[in-house]
Structures are given as C-alpha cells and as structure tokens.
Amino acid sequence: MTAKVAYKSVEVGTELPAQSFPVTRATLVQYAGASGDFNPIHWNEKFAREVGLPDVIAHGMFTMAEAIRVVTDWVGDPGAVVEYGVRFTKPVVVPNDDKGALVEVSAKVAALLDDNQVRVDLTAMSEGKKVLGMSRAVVQLA
C-alpha cells in the first residue's frame, strides 16, 4: 500500500476527519487476550479501586492504537506512519455498563517536513479530559 494523500494537497492546519472510538469492558478483555496484558486494573473493578483508580481503565497502548487510526484512515496506509509517540496523561475509565467509554480523537497537520513528510498532532479526549499528551505522528505522504 502507499499513501493516498499527496503532500502538495495539505498545508499546516489541515484537519483530519475526527473519529470516536467506543471502549467497553468486552473490548478490554479482547485487547488483553490479543496483547497478553492481563493486568487486573484493566478488567477487575475491585482491584482497580484498591490501587486507587476510579474504576477499570483502558490499556494505554490500546488508547494509543485507537488514536492513530485517525491518521492511518486518512492517509490510507498504516505503513506511512514513520514515527508515533504519546504521553499518557489521564486514564480512560471504562464503567461496567452497556455504554462503556468513548475516546474522541481529532488531528491536524502541524508541520510540513522534508521528503514529503508531515507532522500530525493528535488530540485524544475521554469524558472531557485529554488522555494523551504530546501525541504526534510523522507521516510519509505521496
């Protein structure tokens, strides 16, 4: 695959289509099975509260992976992501109900770089709180 977005078609400030990602307890169990991360803070409400958390929380790497989907969906090729990094600022709290939590992600082109690359800054929010800080990706465009 190759990037479907041309470097010449973007400028600083170009906004990527925002997306929202639902997270339920079932989602966390599925991710735990796929990742091998069975830390009880991600599935055991009693344990999560005992260690000072408000409830079960989503895996940080899961949240990070959901957020970058905004970029990979926009560019059309996951392989076009050259660099990606975040700081975990707040947990995504996932209540035990039919609704779960929602991670809302927006992104925009923050810098035009050499060699048809751009830096994209992402904002990931849940319950009105920023859950990822310094969330940035470098993307290779066509």
Please tabulate, one pair per line, all N/O donor-acceptor pairs under 3.5 Å involving side-chain atoms of residues 92-116, not counting sequence neighbours.
residue: D97; atom: OD1; partner: K99; partner atom: N; Å: 3.0
residue: D97; atom: OD1; partner: G100; partner atom: N; Å: 2.6

Stepwise side-chain contact (heavy atoms from CB on, under 4.5 Å) test for M134 and V86: CA-CA 5 Å; M134 299 295 292; V86 306; over 6 Å; no

Distance in Å, K130 NZ paired with M125 CE, rounded so as to fall on 0.5 Å steps: 8.0 Å

V75 with Y7, same ILVMFWY side-chain cluster at under 4.5 Å: yes

From CG (L28) to CH2 (W43), nearest 0.5 Å: 12.0 Å

Main-chain N/O of L132 paired with S135 side-chain donor or acceptor, under 3.5 Å: no

Beyond-backbone contact of V139 with V82, side-chain heavy atoms, under 4.5 angstrom: no

Sidechain-backbone polar pair: T14 side chain, V10 backbone, donor-acceptor under 3.5 Å: no

Worked check of side-chain contact (heavy atoms from CB on, under 4.5 Å) between T72 and D77: CA-CA 6 Å; T72 59; D77 180 5; over 6 Å; no

Considering all heavy atoms, the nearest T27-P22 contact: OG1-O, 4.5 Å

Value rounded to 0.5 Å, distance of OG1 in T2 from CG in L141: 11.0 Å

Heavy-atom side-chain contact between V120 and L16 under 4.5 Å: yes

Donor-acceptor pairs under 3.5 Å, side chain of residues 53-67 to any protein atom, not counting sequence neighbours: which ones?
residue: D55; atom: OD1; partner: R25; partner atom: NH2; Å: 2.7
residue: H59; atom: NE2; partner: D37; partner atom: O; Å: 3.2
residue: T63; atom: OG1; partner: H59; partner atom: O; Å: 3.2
residue: E66; atom: OE1; partner: R69; partner atom: NH1; Å: 3.0
residue: E66; atom: OE2; partner: R69; partner atom: NH1; Å: 3.4

Closest non-hydrogen atom pair between W74 and P17, with its separation: CD1-CD, 4.0 Å

Spatial distance of atom CZ (F21) from atom OG (S126) [nearest 0.5 Å]: 12.5 Å

Sub-4.5 Å side-chain heavy-atom contact between Y84 and L122: yes

Crowding at CD, E127 (>12 non-hydrogen neighbours, <6.0 Å): no

Working for side-chain contact (heavy atoms from CB on, under 4.5 Å), residues V131 and F88: CA-CA 6 Å; V131 295; F88 302 106; over 6 Å; no

